[in-house]
Each structure stands twice: as C-alpha cells, then as structure tokens.
Engineer: 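After the structure tokens below, expect a handful of questions from me.
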Amino acid sequence: MMAISELILFSEPWMHAFGECWLHDSEINRLLFNQEFTASIAYGFIDNTQPRGVVIINNSCLQEARLYQGEPLDWDLRARPDTWKRWLSEGFRLERMGYILANKELIFEQGDYRKMLHVPRLASAFFRSFELMQKIPTQVPQSLYYAA
C-alpha cells in the first residue's frame with residue numbers, strides 16, 4: 001500500500017517535487033553555474049514509446065520540471081521501474097557507471113553521455129540530480145512495470 005506522502009515516480013506531482021528539490025539545491029546550482037548549459041532532459045522507462053517526465057534547463061537554470069509533452073529532447077534517460085526503484089534507495093554512483101551502461105540498466109535514448117562525462121561539472125551535476133531524486137518519497141507501483 002502506498003503511503004500518503006509517497007509520490008508516483010515521474011508523475012506530475014513527483015516531477016514538481018523534483019523541480020523544487022533542484023531549485024533549492026545549492027550544490028547542483030553551483031555545479032551548473034557559468035556552464036551555459038541548456039537542455040531538455042527526459043526520464044522514463046525502457047520499452048515505453050515516450051519518456052514520462054522532463055526537466056527544462058535554460059542557461060544553467062532549471063526552468064520547468066513537468067510531464068513530457070512531446071517536445072524535442074537533448075537527453076532521454078530510460079531504465080526499468082525496478083532499476084529506478086533500486087537507484088532511489090541505494091543511489092546512483094560514478095563507480096558503477098560502466099557496469100550500468102554495459103548491462104543496459106540505463107539507456108540514453110537521446111544524448112551523448114560520453115560528452116557529458118568529460119565535463120567534470122556537468123558529470124557531477126548529473127550524479128547530483130540522482131541524489132536529489134532520492135530526497136523525494138517515491139512509490140514505484142507495479143502498474144509502471146507494464147505501462148506503455
């Protein structure tokens with residue numbers, strides 16, 4: 001049973017909470033400061049035709065965190081619901097990145113992770129975004145395992 005305080009992963013309320021965490025996090029904002037980073041970054045599930053949620057970053061500042069509405073994407077990160085659930089509880093770390101990519105636990109439907117990993121501040125912001133996700137009380141319902 002889902003606790004009242006838990007939000008469904010990548011739902012509209014979850015994306016809003018993620019955006020609020022991002023906006024109020026001094027670390028991710030410091031990492032992106034002066035990077036002139038502009039991107040639409042989507043999150044979703046492997047085997048779904050579209051991602052679920054998207055964050056819009058303009059000139060290193062988060063503009064929106066919401067449901068995906070079909071706009072062009074710079075990054076589209078996909079994983080299975082059980083994998084997202086594990087990362088939300090155990091974390092997502094740099095030292096596991098090679099394993100995660102080699103075993104296709106994380107799929108980049110769009111975007112070049114190699115380019116991002118070669119810019120230390122962007123790579124650190126990428127990993128920090130996963131830490132922010134962990135701050136959100138999240139439910140990964142069984143229905144997400146089969147959603148198209």
Side-chain angles (χ1 to χ4, degrees), residues 7-94 96-141 143-148:
L7 303 175
I8 295 173
L9 181 62
F10 305 135
S11 66
E12 188 171 356
W14 192 95
M15 291 304 299
H16 179 73
F18 182 44
E20 288 297 312
C21 285
W22 190 305
L23 284 171
H24 294 74
D25 186 70
S26 59
E27 180 67 12
I28 201 163
N29 290 301
R30 180 189 64 77
L31 290 165
L32 290 175
F33 185 72
N34 285 336
Q35 293 300 301
E36 298 179 13
F37 182 71
T38 296
S40 295
I41 306 168
Y43 305 90
F45 305 112
I46 292 172
D47 298 330
N48 284 188
T49 56
Q50 294 187 354
R52 297 285 178 115
V54 64
V55 294
I56 311 294
I57 302 165
N58 188 6
N59 200 23
S60 301
C61 295
L62 180 73
Q63 298 294 300
E64 286 185 86
R66 58 173 168 71
L67 294 178
Y68 176 68
Q69 299 173 356
E71 64 271 25
L73 298 169
D74 298 295
W75 303 87
D76 183 353
L77 289 69
R78 308 285 187 96
R80 289 187 168 66
D82 56 331
T83 304
W84 283 114
K85 187 176 184 177
R86 187 177 74 243
W87 292 336
L88 291 171
S89 64
E90 298 173 8
F92 184 95
R93 302 279 180 243
L94 173 62
R96 297 218 6 106
M97 189 71 168
Y99 175 85
I100 288 167
L101 294 170
N103 288 295
K104 298 186 181 189
E105 289 186 11
L106 178 65
I107 304 286
F108 283 78
E109 292 284 338
Q110 192 78 8
D112 182 359
Y113 68 88
R114 289 176 195 91
K115 181 178 177 183
M116 178 267 303
L117 291 174
H118 282 86
V119 179
R121 284 181 153 227
L122 292 181
S124 294
F126 172 77
F127 290 104
R128 180 66 181 162
S129 71
F130 280 83
E131 291 172 11
L132 295 177
M133 289 179 186
Q134 288 183 277
K135 293 182 176 191
I136 304 165
T138 302
Q139 175 70 17
V140 183
S143 62
L144 291 179
Y145 290 75
Y146 307 105

Engineer: Taking all non-hydrogen atoms of both residues into account, name the closest pair between T38 and N59 and its distance.
Structural biologist: OG1-N, 2.8 Å

Engineer: Assess whether side chain to side chain contact (heavy atoms under 4.5 Å, CB included) is satisfied between L88 and I136, documenting all intermediate values.
Structural biologist: CA-CA 9 Å; L88 291 171; I136 304 165; over 6 Å; no

Engineer: Could you tell me if the side chain of Q50 sits less than 4.5 Å from the side chain of D76, heavy atoms only?
Structural biologist: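 Counting from C-beta outward, D76 and Q50 never come under 4.5 Å.
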
Engineer: Could you go step by step and tell me if I57 and I41 meet the side chain to side chain contact (heavy atoms under 4.5 Å, CB included) rule?
Structural biologist: CA-CA 8 Å; I57 302 165; I41 306 168; 3.7 Å; yes

Engineer: How many angstroms lie between atom CZ of R30 and atom CD of E27, to the nearest 0.5 angstrom?
Structural biologist: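 R30 atom CZ to E27 atom CD measures 4.0 Å (nearest 0.5 Å).
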
Engineer: Looking at Y68, W84, F18, which hits ring pair (Phe, Tyr, Trp, His ring centres under 6.0 Å) with F10?
Structural biologist: W84

Engineer: Just by distance, do the side chain of D25 and the backbone of C21 share a donor-acceptor pair under 3.5 Å?
Structural biologist: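 Here the side-chain-to-backbone pair does not exist.
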
Engineer: For the ring pair Y43 and F130, is the centre-to-centre distance below 6.0 Å?
Structural biologist: no

Engineer: For S60 and E36, which heavy atoms make the closest approach, and how far apart are they?
Structural biologist: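 Heavy-atom minimum between the residues: OG-N, 3.2 Å.
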
Engineer: Side chains of I28 and S129, heavy atoms from C-beta outward: is any pair under 4.5 Å?
Structural biologist: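 Yes, close enough: below the 4.5 Å cut-off.
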
Engineer: Are R52 and F45 side-chain neighbours, meaning at least one heavy-atom pair lies under 4.5 Å?
Structural biologist: yes

Engineer: Does some side-chain heavy atom of R121 sit less than 4.5 Å from a side-chain heavy atom of F37?
Structural biologist: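 A side-chain contact is absent here, since even the closest heavy-atom pair is not under 4.5 Å.
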
Engineer: Mind listing the closest non-hydrogen atom pair of G19 and A65 along with its distance?
Structural biologist: CA-CB, 3.6 Å

Engineer: Does some side-chain heavy atom of V54 sit less than 4.5 Å from a side-chain heavy atom of L73?
Structural biologist: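 Sidechains of V54 and L73: in contact.
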
Engineer: Compare all side-chain heavy atoms of N48 with those of R78 and state whether any distance is below 4.5 angstrom.
Structural biologist: yes

Engineer: Can you tell me if E12 has over 12 outside heavy atoms packed within less than 6.0 Å of its CD?
Structural biologist: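 It does not: E12 CD has 12 such atoms or fewer within range.
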
Engineer: Between R80 and E105, does at least one N-O distance fall below 4.0 Å, as a salt bridge requires?
Structural biologist: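 A salt bridge is absent here (no side-chain N lies under 4.0 Å from a carboxylate O).
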
Engineer: Kindly compute the distance separating CG (L106) from CD1 (I46), expressed to the nearest 0.5 Å.
Structural biologist: 7.5 Å

Engineer: Give every residue pair that meets the side-chain hydrogen bond (donor to acceptor under 3.5 Å, both in side chains) criterion with at least one member in residues 107-116, sequence neighbours excluded.
Structural biologist: none

Engineer: List the atom of L32, the atom of A125, and the distance in Å for their closest heavy-atom pair.
Structural biologist: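 Looks like CD2-CB, 3.8 Å.
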
Engineer: Do you see a donor-acceptor pair shorter than 3.5 Å between the side chains of T138 and W14?
Structural biologist: yes

Engineer: By the definition side chain to side chain contact (heavy atoms under 4.5 Å, CB included), identify the one residue from M15, R66, Q63, E64 that meets it with V55.
Structural biologist: M15

Engineer: Find out whether N29 and F33 are in side-chain contact, i.e. whether some heavy atom of one side chain is under 4.5 Å from a heavy atom of the other.
Structural biologist: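 No - every pair of side-chain heavy atoms lies 4.5 Å or more apart.
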
Engineer: Would a distance-only check, ignoring hydrogens and angles, find a side-chain to backbone donor-acceptor pair under 3.5 Å from S124 to P120?
Structural biologist: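 Yes; at least one donor-acceptor contact below 3.5 Å.
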
Engineer: Nearest 0.5 Å, what's the OG-CD1 distance between S40 and I56?
Structural biologist: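 One gets 3.5 Å once the value is rounded to the nearest 0.5 Å.
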
Engineer: Side chains of F92 and F126: closer than 4.5 Å at any heavy-atom pair?
Structural biologist: yes

Engineer: Compare every heavy atom of L67 with every heavy atom of S11, then report the nearest pair and how far apart it is.
Structural biologist: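 Nearest heavy atoms, S11 then L67: C-CD2, 3.8 Å.
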
Engineer: Is it the case that atom CD in Q69 sees more than 12 heavy atoms from other parts of the structure closer than 6.0 Å?
Structural biologist: yes

Engineer: Would you compute the distance between atom CD of E20 and atom NE2 of H24 and round it to the nearest 0.5 angstrom?
Structural biologist: 5.5 Å

Engineer: One thing to verify: whether K85 and E90 come together as a salt bridge, which I'm taking to mean a side-chain N less than 4.0 angstrom from a carboxylate O.
Structural biologist: no

Engineer: Identify the two heavy atoms, one from L7 and one from A17, that lie closest to each other, and give their separation to 0.1 Å.
Structural biologist: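 Taking L7 first and A17 second, the nearest heavy atoms are CD1-CB, 3.8 Å.
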
